[in-house]
Peer 1: 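Below you will find the structure I want to go over with you.
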Amino acid sequence: MEVARPEFRPDAAASREEMEATQREIAASAVFEDRFDFDPARAGRPEGPLVAGVDQAFLDDRVVSVVVVLRGDTVVERARSVSPTAFPYVPGLLSFREGGPILDAFEALDTRPDLVLFDGSGRIHFRQAGLATHMGVALDVPAVGVAKSLLCGRPVAPTDELAEGARVAVEANGRVDAPNGTVIGYAVQTRQFDSYRINPLYVSPGHRVSAETAADVALACRGGYKLPEPTRLADQYADEVKRSLGD
DNA sequence: GCGACAG
DNA sequence: ATCTTGTCGC
């Protein structure tokens with residue numbers, strides 16, 4: 001798969017100011033509404049769209065980035081990249097640490113997914129340009145951010161005690177570069193038990209997907225675990241590749 | 001100065 | 001993200 005917008009390939013050597021300026025450009029190019037031709041209701045279904053999951057694993061000073069493409073529960077293709085870590089983890093600048101390796105993995109992928117799920121935020125970001133947004137715009141592919149914790153924004157209601165399948169909107173607050181009250185994502189309960197509480201996932205639009213649809217597909221791709229299958233399998237594969245490198 | 005902070 | 005055994009409870 002090709003990088004549609006090479007100018008947005010993450011530059012780990014840029015200054016923090018340049019990175020933030022790039023994020024504002026990306027946010028301006030991002031489309032936070034549904035703009036695709038497949039049926040989102042069929043995501044995760046046998047004859048449904050091709051959905052990919054992306055995740056990373058780290059080993060010393062190297063990054064393993066993988067992409068796993070699924071149709072229903074069948075793995076269609078997997079691709080990977082292994083490269084030296086070029087930038088540290090800085091809240092708000094995650095795509096400059098993992099973005100390069102991710103694009104490398106996509107360039108080694110033959111399949112063009114209909115939708116891609118990333119392990120991190122999309123619009124739930126200070127400048128509305130999280131990892132899923134940056135990658136979605138660079139690849140010009142429908143993208144969704146699936147994070148395990150909230151970077152910024154405020155849930156409009158308590159998110160503990162949510163029933164499986166339920167969701168609570170996350171609105172922009174003072175820390176987000178968007179009008180207060182703008183729905184930038186959803187806290188989504190993909191898995192829940194009667195006895196102990198499981199924290200929700202924080203799902204947000206990356207590119208070409210609305211906040212509602214992002215939450216819909218995260219739920220549609222469930223496979224019995226907290227993480228949607230595409231992301232869960234990517235997580236698993238990244239660990240597998242990492243171990244094969246010596247550990 | 002203090003708190004917040006995806007992976 | 002990563003370091004890590006057992007252990008309590010569905």
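What you see is a predicted model, and the numbers here were worked out from it, not measured in a lab. Any value given below was found using the heavy atoms of this structure, including those in side chains, with hydrogens, waters and symmetry copies removed. Lettering of chains follows the sequences in order, A, B, ..., and the numbering in each one begins at 1.
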Peer 1: Send over the distance from A/Tyr89 OH to C/dC3 P, rounded to a whole Å.
Peer 2: 18 Å
Peer 1: When we call it a touch if two heavy atoms are under 4.0 Å apart, what does A/Gly145 touch: a base, just sugar-phosphate, or nothing?
Peer 2: nothing
Peer 1: Under 6.0 Å between ring centres, would you say that holds for A/Phe96 and A/His134?
Peer 2: yes
Peer 1: Think A/Arg97 forms a cation-pi with A/Tyr89, using NZ or CZ under 6.0 Å from the six-ring centre and within 45 degrees of its axis?
Peer 2: no
Peer 1: If you draw the axis of the six-membered ring of A/Phe126, does the NZ or CZ of A/Arg175 fall within 45° of it and under 6.0 Å from the ring centre?
Peer 2: no
Peer 1: Name the first nucleotide and the last nucleotide along DNA chain B (5' to 3') that come under 4.0 Å of a heavy atom in chain A.
Peer 2: B/dA4 to B/dG7
Peer 1: Is the NZ or CZ atom of A/Arg208 positioned over A/Phe36's six-membered ring, under 6.0 angstrom from the centre and within 45° of the axis?
Peer 2: no
Peer 1: Considering every strand and a 4.0 Å limit on heavy-atom distances, what is the contact class for A/Ser149: base, sugar-phosphate, or nothing?
Peer 2: sugar-phosphate
Peer 1: Within the structure, does a side-chain N or O atom of A/Lys242 lie under 4.0 Å from either OP1 or OP2 of C/dA1?
Peer 2: no
Peer 1: For a quick check of understanding: with a heavy-atom distance under 4.0 Å over all strands, which category does A/Ile102 fall into, base, sugar-phosphate or nothing?
Peer 2: nothing
Peer 1: In this structure, would A/Phe106 and A/Val75 fall into the same cluster of hydrophobic residues linked by side-chain contacts under 4.5 Å?
Peer 2: no
Peer 1: Roughly, in whole Å, what's the span from CG in A/Leu59 to C1' in C/dA1?
Peer 2: 12 Å
Peer 1: Tell me, for nucleotides 4-10 of chain C in 5' to 3' order, what letter each nucleotide earns: B for a base near a protein heavy atom under 4.0 Å, S for only sugar-phosphate near one, - for neither?
Peer 2: ------S
Peer 1: Hydrophobic cluster membership, with links at side-chain heavy-atom distances under 4.5 Å among I/L/V/M/F/W/Y: are A/Leu115 and A/Leu219 in one?
Peer 2: yes
Peer 1: Rounding to a whole Å, what distance do you find between A/Asp55:CG and C/dA1:C1'?
Peer 2: 9 Å
Peer 1: Taking NZ, NE, NH1 and NH2 as the nitrogens, is one of them in A/Asp104 or A/Arg9 under 4.0 Å from a carboxylate oxygen of the other?
Peer 2: yes
Peer 1: Should A/Ile184 and A/Arg123 count as side-chain neighbours, where that means a heavy-atom distance under 4.5 Å?
Peer 2: yes
